[in-house]
Amino acid sequence: MSNSAAPMIEMAAVSKWYSPQFQVLKDCTTSVDRGEVVVVCGPSGSGKSTLIKCVNALEPFQSGTIRVDGINLSDPGTNLPKLRARIGMVFQHFELFPHLKITENLCLAQEKVLGRSREEAMAKGRALLDRVGLSEHAEKFPGQLSGGQQQRVAIARALAMDPIAMLFDEPTSALDPEMITEVLDVMVELAREGMTMMVVTHEMGFARKVAHRVVFMDRGEIIEDRSKDEFFGSPRSDRAQLFLSKILAH
Amino acid sequence: MFQFDFDIILKTLPYLLKEGMAFTLTLTALAAFGGLVLGTLLALMRLSTLPGLALAATGYVNLMRSLPLVLVIFWFYFLVPYIGQAILRTERPVEVGAFASALITFTLFEAAYFSEIMRAGIQSVPKGQLSAGYALGLNYRQVMSYVVVPQALRNMLPVILTQTIVLFQDTSLVYVISITDFLGAASKVAQRDGRLIEMYLFAALVYFLISFLASLLVRRLQARTAIIR
Ligand SMILES: Nc1ncnc2c1ncn2[C@@H]1O[C@H](COP(=O)(O)OP(=O)(O)OP(=O)(O)O)[C@@H](O)[C@H]1O
Ligand SMILES: [Mg+2]
């Protein structure tokens, strides 16, 4: 079913309105190839979160098409929960389930969605927890971990589903500065292993290090969609230049 | 001169507790549980995007909240046999029994109140939690039962317990259908032996103590969950 030549994520002319007067996404077209890392940036309120949430159908959109691994999201026959299970997502505010222990956070969807046994899910969860360096916190509750630790658990939770792609929505912007690196390190490693990633972030250091392409959004439009070197070398639009100068100033 | 008779309380205590209090506590526990389950379903209906479901649940809740409990107990006791007859198409009214009738009534009545509590509880769970659940591939039912409702219950536990204390006191209204709950048992003794003051004072003291201790417990619980959050 999956066509390995086609992009992993394909968006064509996606438009979304929150109300008839307010169009949040305007004809957005872009794609993410298999193994590619695409960074999405832009001013606050430009629609980055909305765009990335459309990719796993957490947000509905009114026109255009999105295909993930060749599957059209708008196709009435598409099983959205099943498709979402194959796409990992990491949120700005971690969104670990506070009433569940770390291990239970890691196992829940593996068991309920993928039908894995407790042992299997646990083994997978522990291996990933070890990978993000948090084995000793397995039996704690999310509230007992620091922000950076919670975000690493959230990444592990998404990876436990063996995703074909990972979406990140400002994964470090709610973190204290000293915790940003520990999360970015995990993401860099993931990118280097060839994970397909779409990352909304203002961490331009991360973009320079691992991104293949940079998408710049403003007021619901994709203004630039270019290779990393082109984007940082000479952003074509004034808006992107202004944005970069602001962000790189500090 | 009036002589306060402690003996009568001591002598009838086993009866009061075994017949009366056992009934009161059983009814409270079962009705609280049933009301919470049904109330949670009603809350989910009210918050659903299907207008028919939401309307039906809202109508039900508003109806129950506008009727005096005594009346509902009373009517139910007389109506349930006939409703059963209509549903099961039997020749005679279905015999339900006072306990079952009281349990059904309290469950249905409390569900209206618990649904309001659970609605607030469900809405107190941040939207990002639902997104995270869906993003992992959980469906609506799974997101609700593993992510949202457990947190709603936890957030609302003090209010739920407080409502249960109110229910505990309200169960004494079953006297209208001649059930012997704790108050009923005390009342029987009082009438039989002409010891109204002793028995009613004692009953009041017991209701007060249990309710007061339970609310102390709730407050301690509240303080503890406040730290966790
Ligand atoms: N549910 C909603 N209803 C109406 N408007 C919304 C809703 N969610 C977001 N918006 C608006 O849509 C626009 C885009 O929001 P979005 O969250 O996608 O921006 P963003 O680029 O992620 O911004 P930020 O950098 O602040 O996270 C904003 O103007 C926001 O106020
Ligand atoms: Mg955002």
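These values consider heavy atoms only, across backbone and side chains, with no hydrogens, waters or symmetry-generated copies. Note on naming: letters A, B, ... go to the chains in the order of the sequence lines (proteins, then strands), and numbering restarts at 1 for each one. Keep in mind the model is a prediction, meaning the values are calculated, not measured.
For A/His99, the parts lying near chain B are the backbone and the side chain together; criterion is any non-hydrogen pair under 4.5 Å. Contact of A/Ile87 with chain B is made through the backbone alone, with heavy-atom distances under 4.5 Å. Proximity to chain A (any heavy atom under 4.5 Å) is restricted, for B/Gln142, to the side chain, taken from C-beta onward. With a 4.5 angstrom heavy-atom cutoff, A/Phe97 touches chain B via backbone and side-chain atoms both.
When each of B/Val125, B/Leu138, B/Asn139, B/Leu130 is checked for heavy-atom pairs under 4.5 Å with chain A, B/Leu138 comes out on top. No other option in A/Leu96, A/Val90, A/Leu80 has as many heavy-atom pairs under 4.5 Å with chain B as A/Leu96. Interface summary for chain B: among A/Met161, A/Gln110, A/Lys82, A/Lys112, the most heavy-atom pairs under 4.5 angstrom belong to A/Lys112. Among A/Ala154, A/Ala109, A/Pro163, A/Pro81, the residue making the largest number of heavy-atom pairs under 4.5 Å with chain B is A/Pro81. When the candidates A/Met89, A/Arg157, A/Lys53 are compared by the number of heavy-atom contacts under 4.5 Å with chain B, A/Arg157 comes out ahead.
Ion pair A/Glu10/A/Arg34 not flagged as a salt bridge, since none of the NZ, NE, NH1 or NH2 atoms sits closer than 4.0 Å to an Asp/Glu carboxylate oxygen.
A donor-acceptor contact shorter than 3.5 Å links the side chain of B/Ser215 to the backbone of B/Phe212.
In this structure, A/Tyr18 places its OH atom where more than 12 heavy-atom neighbours from other residues, nucleotides or ligands lie under 6.0 Å away. Atom OH of B/Tyr175 sits in a sparse spot, with 12 or fewer heavy atoms from other residues, nucleotides or ligands closer than 6.0 Å.
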- Task: Show your working on side-chain hydrogen bond (donor to acceptor under 3.5 Å, both in side chains) between B/Thr171 and B/Asp181 and close with a plain yes or no.
- Result: CA-CA 8 Å; B/Thr171 54; B/Asp181 70 328; 4.8 Å; no
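Considering only heavy atoms from C-beta on, B/Phe168 comes within 4.5 Å of B/Thr24 through its side chain.
When each of A/Leu51, A/Asp169, A/Val215 is paired with A/Met198, the side chain to side chain contact (heavy atoms under 4.5 Å, CB included) condition holds for A/Leu51 and for no other.
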